[in-house]
Amino acid sequence: MAETSKYSVLLPTYNERQNLPIIIWLLVKAFTEANLDYEIIVIDDASPDGTLEIAKQLQGVYGENRILLRPRAGKLGLGTAYVHGIQHSTGDYVFIMDADMSHHPQFIQDFVRLQQKHDYDVVTGTRYSQGGGVYGWDLRRKLTSRVANYLADVLLNPGITDLTGSFRLYKKPVLAKLIGATKSKGYVFQMEMMVRARQFGFKVGEVPITFVDRVFGESKLGADEIVGYLKGLWMLFTDI
């Protein structure tokens with residue numbers, strides 16, 4: 001799959017010291033096997049568990065040209081983490097994904113192939129089309145995700161099957177424009193990005209992925225995030 005484009009991976013982290021070595025090894029393996037040029041930008045928000053120290057060790061293993069460390073002073077939010085990462089990225093395309101191994105790098109070649117075939121502006125991973133799936137969630141979490149996507153589909157008509165997913169590939173200028181237009185915080189941020197993409201007329205494709213619940217660490221989804229999601233959904237419905 002050799003080609004001349006470069007791919008940047010934005011990897012926001014907070015307390016991911018156990019997951020980071022594994023996800024970076026998998027990313028390096030995926031890009032190397034596909035013969036793709038890449039960089040991985042670790043944006044750590046002052047994790048108290050020493051994630052940044054682990055990232056420095058990984059940079060020593062893989063090289064400063066492959067692992068870029070762009071830490072911040074505190075937990076400042078996902079949207080600003082992406083803005084921070086884009087400012088330091090040198091790729092033509094940008095992957096965003098979670099660092100907790102719920103998004104497996106084995107799907108990266110699928111994203112790239114689909115984007116190249118149709119010249120999509122955005123390719124987003126979906127758990128809810130044929131070939132996709134979710135593993136490791138209990139019934140409550142599965143129902144929460146399904147209901148969240150159903151409500152979003154009814155109210156916003158986004159044109160994709162998995163609006164709350166966060167494993168995506170963007171053309172760099174497209175990601176910059178979407179972030180600049182997005183107002184939401186937290187989990188609603190990813191959802192609004194797709195709604196804005198439709199609003200701007202960007203071409204969006206979907207790749208089936210399997211989502212696996214985190215092995216190490218604790219989920220950051222709680223009651224406050226669910227309430228925030230519902231408020232954000234209503235804001236988008238009234239705004240767009």
Side-chain angles (χ1 to χ4, degrees), residues 6-32 36 38-91 93-108 111 125 135-137 141 164-170 172 175 179 184-190 193 209-225 228:
K6 184 175 183 179
Y7 293 83
S8 301
V9 180
L10 304 188
L11 213 57
T13 59
Y14 187 78
N15 287 348
E16 299 289 359
R17 64 171 290 136
Q18 292 175 293
N19 292 313
L20 193 62
I22 304 173
I23 192 66
I24 285 186
W25 182 82
L26 289 169
L27 281 166
V28 171
K29 181 175 182 288
F31 282 112
T32 301
L36 296 171
Y38 71 94
E39 64 184 6
I40 302 168
I41 303 174
V42 180
I43 308 149
D44 187 66
D45 277 4
S47 298
D49 74 340
T51 296
L52 183 58
E53 285 67 34
I54 297 298
K56 290 177 180 177
Q57 294 177 34
L58 293 168
Q59 187 180 58
V61 172
Y62 297 108
E64 294 184 4
N65 64 319
R66 295 301 189 190
I67 310 297
L68 285 67
L69 308 183
R70 298 295 182 263
R72 303 193 295 172
K75 199 172 182 182
L76 303 175
L78 191 61
T80 57
Y82 290 147
V83 171
H84 188 65
I86 287 177
Q87 290 171 348
H88 296 283
S89 69
T90 60
Y93 298 88
V94 179
F95 275 99
I96 63 169
M97 61 189 301
D98 294 343
D100 61 6
M101 293 190 297
S102 57
H103 299 146
H104 200 295
Q106 69 179 339
F107 298 107
I108 279 176
F111 278 81
Y135 298 92
W137 279 0
R141 186 76 186 271
T164 60
S166 55
F167 190 2
R168 294 174 184 157
L169 171 64
Y170 294 85
K172 184 178 177 181
L175 178 57
I179 288 177
S184 305
K185 307 292 182 183
Y187 288 89
V188 182
F189 180 86
Q190 300 284 15
M193 293 257 281
I209 62 167
T210 51
F211 177 98
V212 180
D213 198 19
R214 62 165 54 242
V215 177
F216 300 112
E218 297 180 355
S219 171
K220 300 174 179 70
L221 177 64
D224 289 344
E225 285 74 20

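By convention here, the first residue in the shown sequence is residue 1. The basis for the numbers below is simple: all heavy atoms, side chains too, and nothing from hydrogens, waters or symmetry mates.
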Looking at [X] and [Y], would you say the former's side chain and the latter's main chain have a donor-acceptor pair under 3.5 Å?
X	Y	value
T51	Y14	no
H84	R70	yes
D100	S102	yes
R168	Q190	yes
K172	S89	yes

If I compare all heavy atoms of [X] with all of [Y], which pair ends up nearest, and what's the gap?
X	Y	value
P12	A99	O-CB, 3.9 Å
G91	S8	N-OG, 3.0 Å
I43	G85	CD1-CA, 3.7 Å
L58	I67	O-CG1, 4.2 Å
R66	Y38	NH1-O, 2.7 Å
T13	S47	O-OG, 3.8 Å

* Would you mind reporting whether L69 and D44 have side-chain heavy atoms less than 4.5 Å apart? =>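 D44 vs L69: side chains apart.
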* Asked: Any side-chain heavy-atom pair from D98 and N19 closer than 4.5 angstrom?
  ->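 Heavy-atom side-chain distance check fails, nothing below 4.5 Å.
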Can you tell me how far the [atom1] atom of [X] sits from the [atom2] atom of [Y], to the nearest 0.5 Å?
X	Y	atom1	atom2	result
H104	T210	NE2	OG1	8.0 Å
L20	L11	CG	CG	6.5 Å
H88	L68	NE2	CG	9.0 Å
I54	E16	CD1	CD	12.5 Å
T80	I179	OG1	CD1	9.5 Å
Y93	F111	OH	CZ	15.0 Å

* Could you walk me through whether M193 and L175 pass side chain to side chain contact (heavy atoms under 4.5 Å, CB included), step by step? => CA-CA 9 Å; M193 293 257 281; L175 178 57; 3.4 Å; yes
* To do: For side chain to side chain contact (heavy atoms under 4.5 Å, CB included), just list the numbers for M97 and I23, CA-CA rounded to whole Å, side-chain angles, deciding distance to a tenth of an Å, and then say yes or no.
  => CA-CA 10 Å; M97 61 189 301; I23 192 66; 4.2 Å; yes
* Asked: With D45, which residues qualify under salt bridge (charged side-chain N to carboxylate O under 4.0 Å, His left out), at least two apart?
  ->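 With sequence neighbours excluded, D45 shows a salt bridge (charged side-chain N to carboxylate O under 4.0 Å, His left out) to R72, given in chain and number order.
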* Just grab all the side-chain hydrogen bond (donor to acceptor under 3.5 Å, both in side chains) pairs involving residues 52-65, residues at least two apart or on different chains. =>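 Checked against side-chain hydrogen bond (donor to acceptor under 3.5 Å, both in side chains) - neighbours excluded - no pair reaches residues 52-65.
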* Taking it one step at a time, do I40 and V28 satisfy side chain to side chain contact (heavy atoms under 4.5 Å, CB included)? -> CA-CA 9 Å; I40 302 168; V28 171; 4.2 Å; yes
* Asked: How are the rings of Y7 and F95 set to each other: parallel, tilted or perpendicular (split at 30° and 60°)?
  ->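 Tilted: the ring planes of Y7 and F95 meet at 30° to 60°.
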* Asked: Yes or no on side chain to side chain contact (heavy atoms under 4.5 Å, CB included) for I24 and V42, after CA distance, side-chain angles and deciding distance?
  -> CA-CA 10 Å; I24 285 186; V42 180; 4.2 Å; yes
